Number of protein chains: 4
Amino acid sequence: MGEHSADVAPKGKAAPRRTSIGGRRNPASASAILEAAEAILSETGLAGFSIEAVARRAGAGKPTIYRWWPNRSALLMDVYARQKETVLRVDTGTLEGDLVELLTRLFAFWRDTPAGATFRSIIAEAQSDPASLAALQSFLADRRAYVGEVVARGIARGDLPPKADLPSLVELIFGFAWMRLLTGDIAAPDADHVPDALPARVRLLLRGAAATA
Amino acid sequence: MGEHSADVAPKGKAAPRRTSIGGRRNPASASAILEAAEAILSETGLAGFSIEAVARRAGAGKPTIYRWWPNRSALLMDVYARQKETVLRVDTGTLEGDLVELLTRLFAFWRDTPAGATFRSIIAEAQSDPASLAALQSFLADRRAYVGEVVARGIARGDLPPKADLPSLVELIFGFAWMRLLTGDIAAPDADHVPDALPARVRLLLRGAAATA
Amino acid sequence: MGEHSADVAPKGKAAPRRTSIGGRRNPASASAILEAAEAILSETGLAGFSIEAVARRAGAGKPTIYRWWPNRSALLMDVYARQKETVLRVDTGTLEGDLVELLTRLFAFWRDTPAGATFRSIIAEAQSDPASLAALQSFLADRRAYVGEVVARGIARGDLPPKADLPSLVELIFGFAWMRLLTGDIAAPDADHVPDALPARVRLLLRGAAATA
Amino acid sequence: MGEHSADVAPKGKAAPRRTSIGGRRNPASASAILEAAEAILSETGLAGFSIEAVARRAGAGKPTIYRWWPNRSALLMDVYARQKETVLRVDTGTLEGDLVELLTRLFAFWRDTPAGATFRSIIAEAQSDPASLAALQSFLADRRAYVGEVVARGIARGDLPPKADLPSLVELIFGFAWMRLLTGDIAAPDADHVPDALPARVRLLLRGAAATA
DNA sequence: ACGTAAACGAGACGGTACGTCCTGTCTTAGT
DNA sequence: ACTAAGACAGGACGTACCGTCTCGTTTACGT
């Protein structure tokens with residue numbers, strides 16, 4: 001297979017030939033492994049993502065990977081955990097503006113960084129691996145809570161009545177975002193010509209939430 | 001091979017020893033393969049779904065599978081195509097009733113038949129295989145069209161104003177359903193105790209759609 | 001694989017479950033593979049000799065075999081190399097006695113050990129694989145040199161004139177032995193009844209060699 | 001594999017689209033098969049010689065081949081039987097001349113026609129297939145008888161005493177020829193520079209035979 | 001004259017083996 | 001104790017052939 005030699009070549013940083021630093025974990029190895037994993041994921045997708053390929057590209061031994069991550073899924077989750085630290089804080093003054101901005105920036109984040117490919121892979125992985133599914137669920141709860149806060153802020157601002165069906169609103173927002181990601185439908189809006197559908201989705205959701213009070 | 005009889009055994013119908021029926025496709029082999037694939041998928045999930053395993057269980061030769069399906073994804077799509085013929089026709093008299101019924105039955109279909117596991121696998125597969133993604137998109141478009149009809153019927157009935165934002169409504173419905181499936185959250189509603197969240201989601205969407213007119 | 005135990009069973013020594021012994025070749029695996037190869041060869045001949053069968057019987061992974069032997073022919077050569085260490089040293093006092101004894105013992109070796117089947121296989125393999133042919137040629141040169149020494153000793157003893165056509169003699173001896181092997185004509189002489197043809201062949205060759213001086 | 005399309009292309013005679021000629025063997029098919037077999041054998045050797053390849057090249061169905069030849073070996077023997085009709089008749093006036101001429105022409109025949117590759121393949125095949133071995137033995141007996149006649153003629157001419165050990169002589173001649181074939185050592189003699197070893201071999205054998213009287 | 005029988009090409013069938021890739025475990029040798 | 005390295009058993013990949021089977025067609029022969 002052609003990609004084997006290719007995996008090694010683009011390394012770039014000249015393989016600094018790490019070694020043990022004594023009886024404890026070498027952070028350089030850990031980050032080399034995560035970086036290699038991320039690079040492979042964004043370049044070849046989940047298909048090319050194997051422990052073997054990561055080890056090769058990171059210049060690490062396979063057992064070093066298996067010592068710290070029990071399996072492929074765990075490594076995958078760590079790769080995403082490392083990326084998602086980019087938190088998307090928004091405050092446009094209105095709830096509708098906040099949600100549109102949030103989703104727009106989320107789609108941009110998924111589109112323009114390896115995070116999108118990584119997250120798609122995690123969702124895929126979760127379909128066959130229960131541990132990954134659990135991790136995904138807890139991650140999702142975390143993110144829902146954050147969006148919940150954004151919405152709560154909107155309620156405090158009076159953009160939405162206090163008794164609005166917040167859980168439904170939040171769940172539907174995530175459903176929308178995920179489906180767009182999973183069907184590859186997160187292209188940037190073509191500013192002038194095609195009216196972006198995203199604001200329409202948000203508007204429907206907010207009016208529905210307002211009406212459920 | 002005699003030593004694989006253990007793999008074949010759970011099949012049930014005693015492996016009637018198919019053979020060629022001349023220079024054309026043997027439908028018995030095709031369906032044996034699809035049935036074996038479906039069974040494996042629902043029993044072990046995508047992880048245990050290998051061409052080799054399907055061949056073993058179907059009592060078929062690997063080349064026979066490769067002759068008719070270029071790869072794992074194609075076989076997967078065919079398995080789903082075979083199942084999805086179960087169309088969920090609903091007519092409760094109101095749009096809200098129709099949508100709640102539709103989603104309830106869809107979740108039951110996913111929960112109680114191999115179709116759920118299969119469809120989760122297809123979505124997962126689509127994350128690494130472009131051809132599968134394309135197939136999934138076209139399937140999705142098809143299903144969206146059907147739900148669009150249900151909604152249009154509601155509009156005709158006066159359950160929704162004619163200018164309601166139908167595309168947003170439909171997309172958000174699917175996003176909701178998919179996310180529930182992918183996060184394993186399609187348990188049957190516990191009739192008395194836990195109030196089912198599903199009708200709340202539908203209500204929010206319909207009120208939002210009504211308000212977008 | 002459990003279901004292949006039938007293949008493993010006749011092995012005898014219960015498959016001690018080898019594993020890696022670190023970043024270097026495990027000699028236990030190497031010899032298990034060679035022994036399995038030899039056993040298969042002598043039991044089923046070249047027809048049943050497949051890498052897959054050897055791996056199965058040796059309890060080894062196929063990649064382990066391919067790691068150390070590039071192809072079937074190379075493994076075959078190694079099997080013979082392992083057997084041919086049985087060197088046939090003779091010294092009866094006369095050249096004629098030496099050659100008769102040498103050939104008699106060679107035929108017995110071919111007849112009574114797996115070496116005969118192995119060597120037949122190697123010659124067969126060399127007819128389609130150039131690398132095997134080269135290996136065979138070099139092996140043959142080696143063996144010719146040894147017989148050349150036996151003859152030279154005979155010349156030193158005066159059993160043959162110094163100017164005898166040694167190369168012709170040696171080549172004709174090997175041609176005789178090979179053809180007997182390849183046509184399956186190396187049965188043990190039936191001591192009393194059938195006069196053994198072997199001494200007659202040797203006598204003709206030696207008289208001819210003596211006359212070429 | 002590249003050679004598949006190549007197998008079909010060089011056919012030359014434009015594939016006259018044979019078909020059945022009624023309830024009996026179609027000789028055109030038989031010869032097309034034998035010709036294809038011969039061509040494959042001489043081009044790719046025994047390694048590329050498969051029933052499938054022959055059928056492809058001959059434009060024949062596999063069952064047509066299996067109908068008339070029980071297996072690969074039988075087809076192989078027929079290919080050689082077809083070629084060996086070229087009988088090498090010699091008469092130089094002396095026995096030594098006859099034998100040198102015979103062997104020289106035999107080597108040329110093996111070298112310059114597909115017969116050499118075919119015969120090597122047959123000998124190889126006989127090492128794993130008992131039926132082929134039997135056929136080879138009977139063919140060899142036939143050829144030995146012919147050479148026996150040549151030698152008998154020499155005896156009649158007085159080139160060898162009547163009591164010479166004819167069986168030894170004949171067997172040694174064939175052993176010599178076969179080993180040369182099997183080790184690929186049948187190059188044409190380099191007329192001027194390298195003294196050809198062949199006459200020396202014949203001379204030794206004839207002097208030895210003369211001395212065994 | 002026509003139906004039957006056999007041969008034909010084609011190619012699908014259940015299989016075996018190929019040689020390659022990856023998995024997760026293990027051991028070594030070196031910090 | 002931890003590292004890079006890499007061998008190990010195992011198993012799936014996708015391909016080539018095996019030898020068998022059935023098809024639909026094409027003759028020739030015996031009614």
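Small disclaimer: the values here were computed from a predicted structure and weren't measured. Below, chain A is the first sequence line, B the second, and so on; all start at residue 1.
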In whole angstrom, give the distance that lies between atom [atom1] of [X] and atom [atom2] of [N].
X	N	atom1	atom2	value
C:Leu75	E:dG19	CG	P	11 Å
D:Ile51	F:dT20	CD1	C1'	13 Å
D:Leu46	F:dC17	CG	C1'	14 Å
C:Arg56	E:dA17	CZ	P	5 Å
C:Trp69	E:dT20	CH2	C1'	18 Å
D:Arg67	F:dT22	CZ	P	13 Å
A:Asn26	F:dC2	CG	P	11 Å
D:Trp68	E:dG9	CH2	P	12 Å

Check step by step if side chain to side chain contact (heavy atoms under 4.5 Å, CB included) holds for B:Val54 and B:Phe49. CA-CA 7 Å; B:Val54 173; B:Phe49 183 79; 3.9 Å; yes

With a cut-off of less than 4.0 Å, is there a side-chain N or O of A:Ser29 near OP1 or OP2 of F:dA4?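 Answer is yes, contact under 4.0 Å.
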
Taking only N and O in the side chain of D:Thr64, is any of them less than 4.0 Å away from OP1 or OP2 of E:dA7?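 False: D:Thr64 side-chain N/O out of range (4.0 Å or more) of E:dA7 OP1/OP2.
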
Is D:Leu76 close to D:Ser132 at the side-chain level, that is, under 4.5 Å between some pair of heavy atoms?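 They are not in contact (no side-chain heavy atoms under 4.5 Å apart), so the answer is no.
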
Just so I know, are the side chains of D:Lys62 and D:Ile51 near enough to count as touching, which here means a heavy-atom distance under 4.5 Å?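 Sidechains of D:Ile51 and D:Lys62: in contact.
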
Nearest-nucleotide comparison on DNA chain F, the residue closer to the 5′ end among D:Tyr66 and C:Pro63: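 So the residue in question is C:Pro63.
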
Most 5' of B:Ile21 and C:Arg25 on DNA chain F, judged by nearest nucleotide: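 Looking at the nearest nucleotide for each, C:Arg25 comes out on the 5' side.
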
Nearest 0.5 Å please: distance from the CD1 atom of D:Ile33 over to the CG atom of D:Asn26.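 With rounding to 0.5 Å, CD1 (D:Ile33) is 9.0 Å from CG (D:Asn26).
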
Need to verify one output field. Residue with the more 5' nearest nucleotide on DNA chain E, D:Ile33 or B:Arg24?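 Looking at DNA chain E, the more 5' nearest nucleotide goes with D:Ile33.
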
Find which nucleotide of DNA chain E each of A:Asn71 and B:Gly61 is nearest to by heavy atoms, and output the residue with the more 5' nucleotide.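 Checking each residue's closest nucleotide, the 5'-ward one belongs to B:Gly61.
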
Please state whether the base of E:dG14 and the side chain of B:Lys62 form at least one donor-acceptor pair under 3.5 Å?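 In this structure, the two groups form no donor-acceptor pair.
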
Under 3.5 Å donor-acceptor pair, D:Ser20 side-chain atoms to E:dA7 base atoms: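 Yes, the side chain and the base share a sub-3.5 Å donor-acceptor pair.
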
Using a heavy-atom cut-off of 4.0 Å across all strands, would you classify A:Ala55 as base, sugar-phosphate, or nothing?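 Touches nothing.
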
What does A:Arg72 touch in the nucleic acid at a heavy-atom separation under 4.0 angstrom: a base, only the sugar-phosphate, or nothing?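 A:Arg72: no heavy atom of the nucleic acid under 4.0 Å.
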
Indicate yes or no: does B:Arg57 engage B:Glu35 in a salt bridge with an N to O separation below 4.0 Å.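 Answer for the salt bridge query: no.
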
